[in-house]
Amino acid sequence: MNAFSLRDGQLHVEALPLTEIAAQYGTPCYVYSRRAITEAWREFAQACAGRQVLICYALKANSNLAIIDLLAREQAGFDIVSAGELRRVIAAGGSASRIVFSGVGKSTQELREALLAGVRCFNVESGAELERLNRVAGEVGRRAPVSLRVNPDVDAGTHPYISTGLRENKFGISHDEALETYRRAASLPNLEVVGIDCHIGSQITSLAPFTAALDKVLELVDRLHEQGISLHHIDLGGGLGIRYDDEEPPSRAALIHAVFERLDAHPRAAQYEALFEFGRSIVGNAGALITRVEYLKQNGERHFAIVDAGMNDLMRPALYEAWHAVQPVTPRAGPPTQFDIVGPVCESGDWLARNRTLCLAEGDLLAVMSAGAYGMAMSSNYNTRPRPPEVLVDGSRAHLIRERETIESLFALERRLPD
Ligand SMILES: *Cc1c(COP(=O)(O)O)cnc(C)c1O
């Protein structure tokens, strides 16, 4: 299902024309389809039906409270990477008992807060974190459920900045050191070893890296079993890619089936609960950034469409040279021109799309597609630009789920010098 479609010459999200959203909320503006998010989620959930599974939503892809709320109502678990994300889940009505806490640099205060909240599991990324967690758990009188994030040394075949499962990445504990670290974890009084975890990267578009990582994880699970360390769950992380351009990632169901085909062949399969941590795949294609053309200009041979959204609103092109489709909201007939779609920010890296053949005029609305994941979540106030509002559309109804920031709020925490 594509939530965005052209009807009567107008780009719609579900049943609502994007022109109406722009008229009501202004531009730039993030817009999401409730149905697209729910359907993506249910595709995972249905592929897992009847099994012992916790599918977590990785909040960092898009952490708006309404989206957390929507997924909490679907019985999602949540993968968090900070105390801030923990508080978002609680504020949105999610349950700490369905939260896994990932990340390489959890602070003492974050560990304490998550212990007191009663999170489901800490995905521990180093021996040093293990020792600290044991100490903090002792201080607060709780036993910390832990899983070690192992680095299976597989190449996810994705952009280097979003590849996390190689030996040289900062993430996880190397395969070679994992056994030793597990023995240490099992010996610490305030820890309870409950699982194993890996996450090899993001925007992965083939099954092979997932199954290769699972094989490596299962091999470790067996060696731990031989040593008397038995686990309750196996967490395979997230990372399933989406279609931005012409990628052909496996379907959500195909990934789940491939994982269970392998898991089911394991002699103790029935003993393990499977966990997943998907972000991009759930929200990526469900969102777009609506922006208006401010100016058209030509420098030498190059044509630029200067729009009112910039790299501060959608950072992925500047950060990863990521490709996003750009669709006119009301396509016009006429001779096309090759445009670079650029923002107003004072950086040459401030572009949203390059070499797009479009017919444009000043004032036209454009939709930057597939912006539901790592869009608003990575936005900033660079150039003292207020962040855009977020609107969640449900059929023909629009819900404002985050207001546009005011300029005053951007420096409200700042102080002038004393006289
Ligand atoms: C970012 C992240 C995810 C989600 O990745 P997606 O590519 O958005 O599915 C899952 N687990 C961990 C540990 C992460 O850091």
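In listed order, ligands and their atoms are each counted from 1.
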Can you list the atoms of ligand 1 that are under 4.0 Å from a heavy atom of [X]?
X	value
Phe278	9 (O)
Arg280	6 (P), 8 (O), 9 (O)
Ser102	13 (C)
Arg149	13 (C)

| Should Gly279 be counted as touching ligand 1, given the test is an N or O pair under 3.5 Å? |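 N/O-N/O distance under 3.5 Å: yes.
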
| message | Are any of the N/O atoms on Tyr374, whether in the backbone or the side chain, positioned under 3.5 angstrom from an N/O atom of ligand 1? | response |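 Tyr374 vs ligand 1: N/O contact under 3.5 Å present.
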
Is the closest side-chain donor-acceptor distance between [X] and [Y] under 3.5 Å?
X	Y	result
Arg243	Asn285	no
Gln338	Arg356	no
Glu139	Asn190	no
Tyr272	Gln52	no

| request: Flag yes if more than 12 heavy atoms outside Glu219 fall under 6.0 Å of its CD atom; otherwise flag no. | output: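 Yes, enclosed.
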
| query | Hey, is Phe171 one of the residues with a heavy atom under 4.0 angstrom from ligand 1? | reply |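 Outside the 4.0 Å threshold, so no.
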
| Contact with ligand 1 for Gly239, non-hydrogen, under 4.0 angstrom |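 Checking ligand 1 against Gly239, which is what was asked, there is a heavy-atom contact under 4.0 Å.
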
| query | Any Lys/Arg nitrogen of Asp79 or Arg98 sitting under 4.0 Å from an Asp/Glu carboxylate oxygen of the other? | reply |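 A salt bridge is absent here (no side-chain N lies under 4.0 Å from a carboxylate O).
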
| task | Write out the residue and atom name of the closest protein heavy atom to atom 7 (O) of ligand 1, then the distance separating them to 0.1 Å. | result |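 For atom 7 (O) of ligand 1, the nearest protein heavy atom comes out as Ser202 OG, 2.3 Å.
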
| query | Centre of Phe101's six-membered ring, under 6.0 Å away, within 45 degrees of the axis: is that where NZ or CZ of Lys106 sits? | reply |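 Satisfied, under 6.0 Å and within 45°.
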
| said: Cation-pi check for Phe260 against Arg51: NZ or CZ below 6.0 Å from the six-membered ring centre and within 45 degrees of the axis, yes or no? | reply: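 Verdict for Phe260: a cation-pi partner in Arg51.
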
| field | The one among Gln203, Glu277, Lys60 that brings a heavy atom closest to atom 2 (C) of ligand 1 | value |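 Considering heavy atoms of Gln203, Glu277, Lys60, the nearest to atom 2 (C) of ligand 1 sits in Lys60.
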
| task | Answer side chain, backbone, both or neither: which part of His199 comes under 4.0 Å from ligand 1, heavy atoms only. | result |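 Answer for His199: side chain.
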
| request: Select one of side chain, backbone, both or neither to describe which atoms of Val81 lie under 4.0 Å from any atom of ligand 1, heavy atoms only. | output: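 Neither; nothing of Val81 gets under 4.0 Å from ligand 1.
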
